[in-house]
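Beneath this line is the structure, given in structure tokens, with notes to follow.
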Number of protein chains: 2
Amino acid sequence: MSDVARAAGVSAATVSRALRGEPGVSEATRRYVTEVAKRMRYAIARDASSLAGGRKYAVAVLTADGGRGDLLAGAEGALRAAGYDVLLYVLRDDGARAAFFEDLPALARRVDGVLALSARLADDERAALDGVAVPVVAVRDDDLRDALRLAAAHVRDLGHREVALVLAEDADESCGELLVEAGLRVRPEWTLWSSPTVAGGEQVVDVLLDGDRLPTAVVCAGGEVALGVFLRLRRDGRDVPGDVSIVSLDGTELARAVGITAVEGAWRERGEHAVGRLLAALRGESHGGESHGGESHGGEPPSVRLVVRESTGPR
Amino acid sequence: MSDVARAAGVSAATVSRALRGEPGVSEATRRYVTEVAKRMRYAIARDASSLAGGRKYAVAVLTADGGRGDLLAGAEGALRAAGYDVLLYVLRDDGARAAFFEDLPALARRVDGVLALSARLADDERAALDGVAVPVVAVRDDDLRDALRLAAAHVRDLGHREVALVLAEDADESCGELLVEAGLRVRPEWTLWSSPTVAGGEQVVDVLLDGDRLPTAVVCAGGEVALGVFLRLRRDGRDVPGDVSIVSLDGTELARAVGITAVEGAWRERGEHAVGRLLAALRGESHGGESHGGESHGGEPPSVRLVVRESTGPR
DNA sequence: CTGTTAGCGCTTTCAA
DNA sequence: TTGAAAGCGCTAACAG
């Protein structure tokens, strides 16, 4: 940095301020310094920066399985755009989990915040994390609102009124309200939770078949689940979409391949929203405030859109 | 650290050495210091450590799409086991790519090495990366050897002799040799490259159908491709596995769902192998050596196994 | 085997 | 708006 300072004819302090966008530097100086730094291929050393400044500019991202790619991609993009590095922790098995929670003191020294994407934290794990003195934010179903609305509007427009909703296991019931807002009815016994697998989707159908009648549409949080629902319904002699329509909130290759109507970008949306909440918490902390949680606006236009395929049709 | 030193009745230097497993500390001292540190919930500050020591204990992991979850999980696990943090970079679109390659100077100051998982680097990108002065390792098909052998043995045992091999686009031909070693014949025109999508798999079949005859078995590097091959063959009236057997090297949910015989753990294996090569390079560098590349042994027993489903049968 | 002494490359008061 | 000086918390020589 002192090389850059010399080359630009200013002090290191000024270079530091200029490059970080800190106030207290004239626009002219900032521009010039930035240009010199770029020409010299100089970049601030994060180690030294965070050692001196306290902030680490890094966020730990927890995922259970290397997981849903788009979720991770959405979170990573939003974090990087905000200037944070993404430290990935894959908590795939009990060993990895245990090791991670053993080493929380180290975590606290590495990151400014923690983002739990798909880690299904146990209560004691959550408590341990909360003791780390950095904000912890987990993906919630709220982060999926736009996608759910889109799916709900679609099935409603097709004439469906009573639909089943299949959520991820860590989801809470509040999602149902979004369907209600869209003018749909949600029977309590038609709000179901499923593991994010084909088998999970099949089991969901078994439950539905036990009832007195079937819904005419099913909204599934995941592509695998949607496929499971699809396969199981067909095996039972039901026609899709003749008897039952299926929408997936997970527009991956799987939905595309099998021809399932899906909301594209839903997972990315979840990631981005969660990051928004985390950034708000970080901002709050650095302002000395206490804004844990807090509403956030992705700023960006919602990146979700519905792709209609062969799994949905009029009631 | 000085607190711990005081509490343990030693100097900070000794604490540092003890906690990092550096030589030059008696076992007794090390044990005691470690225990004191743990009790005080102390962890070394990475910033300060790497500022003073030069090593960053972090690796940048590049992925195109948040990608194949198991690949990432395998790499992350192996890196963390070796004491490295994983800095995730998702190069999902041109914007993200451009931003990443704009900022290479910053990368060089953050990590000790780069691991490209599924980023399909263009030549100029690869060159730019190589200019970064840290080892760069990309996942190669070599990292898939055990999986390929397993798949080859399976189809051979079923009586197949001439098989088609569908590789990822960035793969090289050497994989074919593994099939030959297994006693299979590999016609040049039956070694094919495909994008990792269902559509890619379908196109592959189109190419095969143009030939004078079909192979009796197809080994596919990816689950989506395998599904594409499967769907396209069926559409053409071929029976799977009656006419053609299909094996996927990607034992994900997709293969499970559709009933495709697959090698489970192959992606994890790839990740672990690539990390092995990167660690070797890092070790080489820190020893002052020049061992770029270099053979590595995962040490661990191979984590791959074949799961036979309905897509393979006797010739 | 252990302690002492210099920094590593920044950021941040505090003055100017 | 800018600069000078004092660390941030550790590691690596060098002594002992």
Side-chain angles (χ1 to χ4, degrees), chain A residues 1-34 36-37 40-58 83 85 105-112 133 286-288, chain B residues 1-34 36-37 40-58 83 85 105-112 133-134 285-288:
Chain A
M1 181 181 269
S2 50
D3 289 350
V4 176
R6 205 172 310 122
V10 296
S11 72
T14 296
V15 174
S16 171
R17 290 191 272 250
L19 260 30
R20 286 177 307 144
E22 286 279 286
V25 193
S26 74
E27 241 346 278
T29 309
R30 185 190 307 279
R31 232 190 301 281
Y32 182 57
V33 168
T34 307
V36 172
M40 299 178 70
R41 317 194 104 260
Y42 169 80
I44 290 183
R46 274 294 226 272
D47 315 326
S49 177
S50 52
L51 177 56
R55 254 177 271 75
K56 282 102 171 67
Y57 289 108
D85 274 335
L107 185 74
R109 305 200 72 157
R110 286 196 200 351
V111 300
D112 301 312
S286 67
H287 285 178
Chain B
M1 182 181 267
S2 49
D3 289 351
V4 175
R6 203 171 315 119
V10 295
S11 72
T14 297
V15 173
S16 171
R17 290 190 273 248
L19 259 31
R20 288 177 305 144
E22 287 278 286
V25 194
S26 74
E27 240 349 276
T29 309
R30 186 188 308 279
R31 231 191 301 282
Y32 183 55
V33 168
T34 307
V36 171
M40 299 178 71
R41 315 194 106 261
Y42 169 81
I44 289 183
R46 275 293 227 272
D47 316 326
S49 176
S50 52
L51 178 55
R55 255 176 272 77
K56 282 100 172 68
Y57 290 108
D85 273 335
L107 185 75
R109 306 200 70 158
R110 284 196 199 357
V111 300
D112 302 312
V134 299
E285 291 228 327
S286 67
H287 285 177

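Chain identifiers are assigned alphabetically (A, B, ...) following the order of the sequence lines, protein sequences preceding nucleic acid strands; residue numbering begins at 1 within each chain. Quick note: numbers below take in every heavy atom, side chains included, and nothing from hydrogens, waters or symmetry partners.
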Original post:
For dC10(C), does OP1 or OP2 lie under 4.0 Å from any side-chain N or O of Tyr42(A)?
Top reply: yes

Subject >> Whole angstrom value for the distance that separates P of dT2(C) from CG of Leu19(B) >> reply: 14 Å

Original post:
If you look at every heavy atom in Leu19(B) and Thr34(B), which pair is closest and at what distance?
Top reply: CD1-CA, 4.0 Å

Original post:
If every non-hydrogen atom of Val111(A) is compared with every non-hydrogen atom of Lys56(A), which pair is closest and at what distance?
Top reply: O-CD, 4.1 Å

Original post:
Any salt bridge between Asp112(B) and Arg55(B), counting N to O under 4.0 Å?
Top reply: no

Original post:
Are the side chain of Arg30(B) and the backbone N or O of Glu22(B) linked by a donor-acceptor pair below 3.5 Å?
Top reply: yes

**OP:** Ignoring backbone atoms, establish whether Ser2(A) has a side-chain N or O less than 4.0 Å from OP1 or OP2 of dG9(C).
**Re:** no

**OP:** Could you state the atom-to-atom distance from CZ of Arg55(A) to P of dT12(C) in whole Å?
**Re:** 6 Å

Original post:
Where is the tightest heavy-atom contact between Ile44(A) and Ser49(A), given as atom of each residue plus distance?
Top reply: CG2-CB, 3.9 Å

**OP:** With the side chain of Val25(A) defined as its heavy atoms from C-beta on, choose the nearest nucleotide among dT11(D), dT2(D), dC10(C).
**Re:** dT2(D)

Subject >> Which residue lies more 5' along DNA chain C, comparing Gly54(A) with Arg30(B) via nearest heavy atoms >> reply: Arg30(B)

Original post:
Considering only dA12(D), dC10(C), dC8(C), which nucleotide approaches the side chain of Ile44(A) most closely?
Top reply: dC10(C)

**OP:** For Glu27(A) and dT2(D), give me the distance from atom CD to atom P, rounded to whole Å.
**Re:** 10 Å

**OP:** Look at Arg20(B) and dA12(D) and indicate whether a side-chain polar atom (N or O) is within less than 4.0 Å of OP1 or OP2.
**Re:** yes

Subject >> Separation between CG of Asp3(A) and CE of Met40(A), rounded to the nearest 0.5 Å >> reply: 5.0 Å

Original post:
Is Arg17(A) reaching over with its side chain to a backbone N or O of Gly24(A), donor-acceptor style, under 3.5 angstrom?
Top reply: no

Subject >> Nearest listed nucleotide, side chain of Leu51(A), among dT12(C), dT2(C), dG9(D) >> reply: dG9(D)

Original post:
Does Ser49(B) place a side-chain N or O at less than 4.0 Å from the phosphate oxygens OP1/OP2 of dT11(D)?
Top reply: yes

**OP:** Select one nucleotide: of dG3(D), dT11(D), dT11(C), the one nearest the side-chain heavy atoms of Ser16(A).
**Re:** dT11(C)

**OP:** Identify, residue by residue, the members of residues 6-13 of chain A with a heavy atom below 4.0 Å from DNA chain C, and return them in order of residue number, or none.
**Re:** Ala13(A)

Subject >> Length of the CD-C1' vector between Glu22(A) and dT12(C), whole Å >> reply: 10 Å

Original post:
At under 4.0 Å, does any side-chain N or O of Ser50(A) touch on OP1 or OP2 of dC10(C)?
Top reply: no

Subject >> Closest contact, heavy atoms only, Val25(A) versus Ala18(A) >> reply: CG2-N, 4.0 Å

**OP:** Report which part of the nucleic acid Gly53(B) touches: base, sugar-phosphate, or nothing (heavy-atom distance under 4.0 Å, all strands).
**Re:** sugar-phosphate

Original post:
Given dC10(C), is OP1 or OP2 found less than 4.0 Å from the side-chain N or O atoms of Arg109(B)?
Top reply: yes

Subject >> d(CE, Met1(A); C1', dT12(C)) in whole Å >> reply: 12 Å

**OP:** Measure from OH on Tyr32(A) to C1' on dT2(D) and round the result to the nearest Å.
**Re:** 16 Å

Original post:
Atom OH of Tyr57(A) and atom P of dC10(C): how far apart are they, to the nearest Å?
Top reply: 14 Å

Original post:
OP1 or OP2 of dT1(D) less than 4.0 angstrom from a side-chain nitrogen or oxygen of Thr14(A), does that happen here?
Top reply: no

Original post:
Considering all heavy atoms of both residues, which atom of Ala43(B) and which atom of Pro105(A) are nearest to each other, and what is their separation?
Top reply: CB-C, 3.8 Å

Original post:
Within the distance-only criterion (no hydrogens, no angle test), does the side chain of Ser11(A) pair as donor or acceptor with the backbone N or O of Thr14(A) below 3.5 angstrom?
Top reply: yes

Subject >> Test item: side-chain donor near acceptor, Ser16(A) and Arg20(A), under 3.5 Å >> reply: yes

**OP:** With the side chain of Ala45(A) defined as its heavy atoms from C-beta on, choose the nearest nucleotide among dT11(C), dC10(C), dT2(D).
**Re:** dC10(C)

Sort me out a list of protein N/O and nucleotides 14-16 of chain D N/O pairs below 3.5 Å, or just none if empty.
none

